[in-house]
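This report refers to the structure that appears directly beneath it.
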Amino acid sequence: MEYNFRKIEEHWQSEWKKNEVYKVSNDSPKPKYYVLDMFPYPSGAGLHVGHPLGYIASDIFARYKRLKGYNVLHPMGYDAFGLPAEQYAIEHGIHPAVSTDQNIKNFRAQLDKIGFCFDWSREVRTSDAQYYKWTQWIFLQLFKSFYNRKTQKAESVESLINIFAEEGNINHPIPNSQFVIPNPQFQIRNSQFSPTQWSSFDEFTQQTILMEYRLAYCGYGEVNWCEALGTVLANDEVINGVSERGGYPVVKKKLRQWYLRITEYADRLLEGLEKIEFSDAMKEMQSNWIGKSYGAEIEFEVKSEESGVGSLRVYTTRPDTIFGVDFMVIAPEHELISSFKTKEQKQAVDEYVAYVKSRSDRERQAEKKITGCFTGAYAINPFNEKEIPIWISEYVLAGYGTGAIMAVPCGDERDFKFAKHFNIPITNIIGKHYNGEEANPTKDAVLENSDFLNGIVMRDAIEVANNKIEELGIGKKKVNYRMRDAAFSRQRYWGEPFPIIWNNGIAYPLDEKELPLILPEVEKYGPGPDGEGPLANLKDWAHVSLSSGEGRGEVLRETNTMPGYAGSSWYFLRYMDPHNSETFCDRKVSDYWGQVDLYIGGTEHAVGHLLYSRLWTKALHDLGYIGHDEPYKKLVNQGMIQGSSRFVYKISWHGFFKTDFDVSKLPIILVSKSFRDGFVHNQQEIIQLLDKAISDILIGIGFVPNFVIMDLHVDVNIVDGVELDINEFKKWRNGEYADAKFILEDGKYICGSEVEKMSKSKFNTVNPDDLVTRYGADTFRMYEMFLGPVEQSKPWDTKGIEGVHRFLKKLWRLFYDDLKGKVWNDEKANDAELKVIHKTIKKIEEDTERFSFNTAVSAGMIAVNELGDLKCHKKEVLEKLLIILTPYAPHIAEELWHQLGNTGNILDAAYPKSEERYLIESTKNYPVALNGKTKSELNISLDATQQQVEEIILANETVQKWLEGKQPKRIIFVKNKMINVVT
RNA sequence: GCGGGUGUGGCGAAAUUGGCAGACGCAUCAGACUUAGGAUCUGACGCCGCAAGGUAUGUAGGUUCGACUCCUAUCACCCGCACCA
């Protein structure tokens with residue numbers, strides 16, 4: 001009986017399905033464990049071998065935990081809204097729901113073949129109305145809430161209104177300090193109002209103010225606008241100021257957008273990092289992204305050719321350097337530019353601003369060239385009346401701080417380069433610490449040229465300067481965050497509609513009873529007018545007449561839709577209670593499952609999804625809907641599987657031909673790698689061989705035209721290692737190369753190779769289906785793990801899968817011989833065998849616990865090799881081996897488990913215990929080193945003391961030979977490790 | 001420009017706390033079995049060297065009895081980004 005993996009896997013997959021063995025209950029006496037994979041977008045391209053890596057890891061862990069006696073939740077579903085489906089709809093007229101559904105079917109079929117233990121009865125899709133009903137509902141909760149800075153949590157806007165009526169907003173200032181209350185008739189200073197003023201505001205003013213507090217709010221933001229496409233583009237869709245698709249110009253445009261007020265949660269998101277198990281790198285990325293900084297906002301009077309142009313407020317983390325300020329830089333978007341600029345500089349400023357407007361944020365970021373423009377205006381240093389020129393440059397961003405900085409070239413590298421480039425004189429305030437060659441960002445220098453700060457160490461001067469600034473009333477201390485509020489709307493079709501209606505510029509929430517607000521059908525998926533989304537084209541849908549409730553009358557629906565991360569910010573809660581029609585997730589159920597215990601996914605979500613879902617969790621927690629305020633207890637980041645591309649080398653003719661010579665008549669010639677390498681490196685012998693080979697092929701033409709050699713990607717699936725399968729190649733791409741001629745080496749065509757991102761266009765994708773068909777799911781799963789540590793990126797190479805497949809065949813042969821049939825028996829295991837199995841239990845258990853799945857697979861291989869050497873076919877030993885391997889290779893383990901006469905699912909067996917008594921050793925082969933270099937080995941009892949070891953060592957002939965009669969200075973002995981003789 | 005990560009044989013890797021570098025597997029080579037082998041088994045396999053031995057974890061230094069592991073500098077590659085004052 002041989003290992004028939006196809007039959008076995010098919011059989012058990014259908015058994016598992018039939019018996020619902022992976023169905024999980026919300027009610028169990030067992031402890032719970034929640035294993036989650038990052039929400040996949042079902043792309044039309046299907047799975048390649050890189051995708052299931054994380055799913056296999058989580059599946060192994062889920063099965064392992066179940067063996068360990070946990071009630072394990074391991075769900076899967078789809079982040080089904082997304083741009084690709086919409087783009088496909090625009091191009092092919094297919095409804096995104098239709099193509100998405102098709103993609104999900106393919107995706108599911110691919111997943112099923114790998115034998116995952118997902119509880120599919122809990123599947124969710126974000127595009128299902130029964131799912132997005134609750135996404136809309138949570139949005140409404142955010143809309144109806146504000147962040148109470150006093151209590152440090154989200155509370156209802158209703159309670160805020162009560163506070164305003166009683167005490168105004170004196171204790172609850174508007175989060176955006178730049179905000180100006182619109183209606184001048186109320187004469188509000190610093191956006192602070194009293195209870196009387198509050199009640200005197202009209203509804204529009206009140207609502208406009210409340211909008212400034214809501215956790216989900218509507219505002220205006222700049223986007224990449226492409227007029228020709230009539231649509232908004234993401235940064236990476238803009239290249240050199242034009243659209244990636246079509247190459248049309250792209251400009252900045254202000255559009256009405258929804259936002260989530262994530263900045264109010266900045267501190268809690270930062271603090272929360274301390275109580276969750278994310279990698280240090282991940283925590284660092286998140287805290288850098290949040291970017292909390294302590295500094296000061298300082299107000300500078302501005303002098304331009306006209307008086308009364310106002311003042312400039314800058315944000316700085318280094319107020320101690322105030323006397324080293326040689327110029328100011330303001331963002332090109334800064335509102336005050338038009339009042340600052342002088343007549344003389346007007347043209348230059350306008351041109352510069354227009355130039356920046358054409359550039360994407362990404363380009364502004366990556367720009368090495370120093371650009372900028374003088375406004376003609378000067379800021380006055382309040383301490384010494386010095387006139388400081390005000391410049392504009394793209395390196396200052398409008399969205400951070402006040403959009404203006406004070407530049408200190410002796411202390412900041414970027415400011416220094418800017419000053420040098422524009423010949424701005426540099427003031428030195430740190431004496432010898434500044435060498436004139438480069439800036440020195442130190443905080444430890446003693447200040448000079450700094451008036452009242454002279455002689456103070458910079459680090460201490462920060463506080464002194466801050467106090468002085470506050471004392472003089474020219475500024476105040478300020479904590480700033482690099483993070484900005486999260487844009488929460490898209491001018492697109494395929495997303496959740498907002499449950500919002502507009503009446504006279506006021507946004508009203510839809511009654512919760514009216515949810516879900518169904519995404520309507522549209523005739524075309526193209527953009528609406530004036531940068532609005534496709535929903536704006538639906539006049540009948542967008543215009544509604546409401547007879548009752550808030551905002552009654554002739555009203556307009558919100559036509560933006562929610563972004564991709566809306567549905568994925570809370571899906572882990574819906575999995576707990578996926579079919580509940582009363583609430584998004586029953587509180588009792590979320591209290592049972594609580595946090596996700598293990599979350600596996602890529603680092604690409606470091607600062608997007610992982611921050612947004614943490615925000616939603618905190619808000620839902622504050623509002624009392626769930627009991628925990630961090631969604632994930634532990635996060636493991638899987639590395640990327642890169643593609644390993646293969647190349648063929650094609651002769652490309654170029655040069656002069658007689659006019660009647662038809663180049664296209666020349667055959668396609670492909671040369672093997674050595675010829676190409678010799679040609680590229682100009683090795684004469686190889687070039688001669690190549691010329692000879694070509695002229696043999698071109699016989700009858702009489703000469704060899706000039707040529708170059710082109711590298712072409714070839715499908716990795718028709719290359720065995722690096723050897724091209726010529727027959728398959730001739731059939732490839734509909735026979736494009738059917739008549740090609742080949743110049744071989746040793747009778748083979750050798751391809752070049754390179755590690756690149758896995759993608760269809762590079763022909764380096766490998767489909768898991770093919771591998772499962774050839775080797776089986778168990779082999780595929782184990783090989784994905786065997787490739788290397790999950791966290792690390794590594795290139796895919798199909799070749800190595802044979803080794804893992806051989807391992808499973810060897811495992812099978814411990815039970816069944818191809819000729820003899822059953823070989824397993826009920827004999828009693830001996831010490832050697834027990835030692836092997838207990839050592840392996842320990843190793844695989846420890847490795848699985850620390851997510852070192854690659855070494856666990858090796859441990860399995862070693863065990864099978866050793867049991868093979870011992871000719872051990874004993875059920876007592878093999879049964880244990882099956883249980884510890886079942887998370888990795890569930891099908892073969894289940895089959896053999898039953899072959900051994902067991903009934904019931906192997907996952908319900910108990911994980912075997914490794915017993916130390918089988919592992920105890922009495923002696924060890926100690927490596928003996930001379931001055932740290934290992935020279936030989938000595939077998940010494942583990943009980944030996946330092947003194948005994950020294951005696952043994954000194955008595956040893958080999959050691960005496962090295963010593964050449966000298967006494968060693970020291971003998972270092974580390975028990976159970978090594979011995980080092982120092983001379 | 002900023003942030004994060006990774007560099008070990010021909011290849012994927014291992015070395016869990018500073019203690020025998022290269023476990024395990026691929027590829028390669030040699031052999032056994034066989035009518036046959038793309039099955040199976042045995043052995044060799046970092047590099048230089050016939051060997052003794054030397055040398056080796058991106059590069060250059062340092063700490064240590066001892067460094068893939070810790071420190072400093074530097075180079076290369078990969079990923080992310082909202083140029084964060």
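Residue numbers begin at 1 in each chain, while the letters A, B, ... track the order of the sequences.
For A:N4, there are no side chain to side chain donor-acceptor pair (under 3.5 Å) partners two or more places apart in sequence or in a different chain. Partners of A:F278 under the ring-ring contact (aromatic ring centres under 6.0 Å, His included) rule, at least two apart in sequence or in another chain, do not exist in this structure. With sequence neighbours left out, the side-chain contact (heavy atoms from CB on, under 4.5 Å) criterion links A:N865 to A:K810. Every residue meeting the side-chain contact (heavy atoms from CB on, under 4.5 Å) condition with A:R970, not counting sequence neighbours, appears here in chain and number order: A:I972, A:V982. Listed by chain and number, the residues in a salt bridge (Lys or Arg N to Asp or Glu O under 4.0 Å) with A:K799 are A:D720 (sequence neighbours excluded). Every side chain to side chain donor-acceptor pair (under 3.5 Å) that A:S644 has, sequence neighbours left out, goes to A:R646. Residues satisfying the side chain to side chain donor-acceptor pair (under 3.5 Å) test with A:E297, not counting sequence neighbours, are A:R313, A:K478. A:Y315 is linked by a side chain to side chain donor-acceptor pair (under 3.5 Å) to A:S293, counting only residues two or more places apart in sequence or in another chain.
With B:A82, B:C24, B:C83 as the candidates, the nucleotide lying closest to the side chain of A:E394 is B:C83. Among the nucleotides B:A13, B:A15, B:G4, the one closest to any side-chain atom of A:N854 is B:A13. Nearest nucleotide to the side chain of A:S293, out of B:U16, B:C83, B:A85: B:A85. Here the side chain of A:N288 is nearest to one of B:A15, B:G3, B:C20, namely B:G3. Taking the side chain of A:R484 as heavy atoms from C-beta on, and the options B:A82, B:A21, B:G12, the nearest nucleotide is B:A82. Checking B:U16, B:G12, B:C20 against every side-chain atom of A:D847, the shortest atom distance belongs to B:U16. The side chain of A:A281 sits closest to B:G4 out of B:C84, B:G4, B:C20. Closest to the A:T316 side chain, of the nucleotides B:A23, B:A85, B:G12, is B:A85. Here the side chain of A:P789 is nearest to one of B:A82, B:A14, B:G3, namely B:A14.
A:E413 comes within 4.0 angstrom of nothing in the nucleic acid, heavy atoms only. Within 4.0 Å of A:M282, counting heavy atoms only, lies no atom of the nucleic acid at all. Across all strands, A:T603 comes closer than 4.0 Å to no nucleic acid atom at all (heavy-atom distances).
The side chain of A:Q792 places an N or O atom within less than 4.0 Å of a non-bridging phosphate oxygen (OP1 or OP2) of B:A13.
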For A:M782 and A:F853, run side chain to side chain contact (heavy atoms under 4.5 Å, CB included): C-alpha distance rounded to whole Å, both residues' side-chain angles, the deciding distance at 0.1 Å, then the answer. CA-CA 9 Å; A:M782 286 200 113; A:F853 304 117; over 6 Å; no

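Both A:E284 and A:R414 lie close to RNA chain B; mapped to their nearest nucleotides by heavy-atom distance, the more 5′-ward contact belongs to A:E284. Between A:M483 and A:M406, the residue anchored nearer the 5' end of RNA chain B, judged by the nucleotide with its closest heavy atom, is A:M483.
For the C1' atom pair drawn from B:U8 and B:G3, the interatomic distance equals 27 Å after rounding to whole Å. Using atom C1' as the reference point in both B:G18 and B:U57, the two lie 15 Å apart (nearest Å). Annotation: B:U35 and B:G22 have their C1' atoms spaced 41 Å apart (nearest Å). Between B:U16 and B:A23, the distance separating the two C1' atoms is 14 Å to the nearest Å. Between B:C68 and B:A76, the distance separating the two P atoms is 25 Å to the nearest Å.
Put simply, NE2 on A:H605 is 19 Å from P on B:G5, counting in whole angstrom units. Between the CG atom of A:L611 and the C1' atom of B:C81 there is a distance of 13 Å, rounded to whole Å. The interatomic distance linking A:I844 (CD1) with B:U16 (C1') rounds to 16 Å, in whole Å. Residue A:M285 contributes atom CE, which lies 8 Å from atom P of B:G4 at whole-angstrom precision. A:H805 places its NE2 atom 24 Å from the P atom of B:G12, with the value rounded to the nearest Å. A:D412 has its CG atom 9 Å from the P atom of B:A85, to the nearest Å. Rounded to a whole Å, the NZ atom of A:K283 is 20 Å from the C1' atom of B:G80. Summarising the geometry, the separation between CZ on A:R850 and C1' on B:A14 is reported as 10 Å, rounded to the nearest angstrom.
A salt bridge does not link A:R813 with A:D817: every distance from a Lys NZ or Arg NE/NH1/NH2 to an Asp or Glu carboxylate oxygen is 4.0 Å or more.
Regarding the sugar-base torsion, B:G9 falls in the syn class, its angle being within 90° of 0.
Screening A:F5, A:Y783, A:F780 for a ring-ring contact (aromatic ring centres under 6.0 Å, His included) with A:H805, the sole residue that qualifies is A:F5. Each of A:I801, A:I56, A:V804, A:V857 was scored for a side chain to side chain contact (heavy atoms under 4.5 Å, CB included) with A:E784, with one residue passing: A:I56.
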Can you give me every donor-acceptor pair (side chain of residues 318-330 of chain A, partner residue at least two apart or in another chain, under 3.5 Å) with its distance?
| residue | atom | partner | partner atom | Å |
| --- | --- | --- | --- | --- |
| A:R318 | NE | A:D320 | OD1 | 3.1 |
| A:R318 | NE | A:D320 | OD2 | 3.4 |
| A:R318 | NH2 | A:D320 | OD2 | 3.0 |
| A:R318 | NH2 | A:T442 | O | 3.0 |
| A:T321 | OG1 | A:R318 | O | 2.7 |
| A:D326 | OD1 | A:K386 | NZ | 3.2 |
| A:D326 | OD1 | A:T427 | N | 3.4 |
| A:D326 | OD1 | A:T427 | OG1 | 2.5 |
| A:D326 | OD2 | A:T427 | N | 2.8 |

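No hydrogens or angles considered: nothing links the side chains of A:W289 and A:S287 as a donor-acceptor pair under 3.5 Å.
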Nucleotide-resolved protein contact map, nucleotides 65-75 of chain B, B/S/- at heavy-atom distance under 4.0 Å: BS---------

When you check every protein heavy atom under 4.0 Å of nucleotides 25-45 of chain B, what one-letter string (B, S, -) results, 5' to 3'? SSS-----------SSS----

5'-to-3' dot-bracket of RNA chain B (Watson-Crick, G-U; under 3.5 angstrom; crossing pairs as [ ]; | other strand): (((((((..(((......[....))).(((((.......))))).(((....)))..(((((..]....))))))))))))....

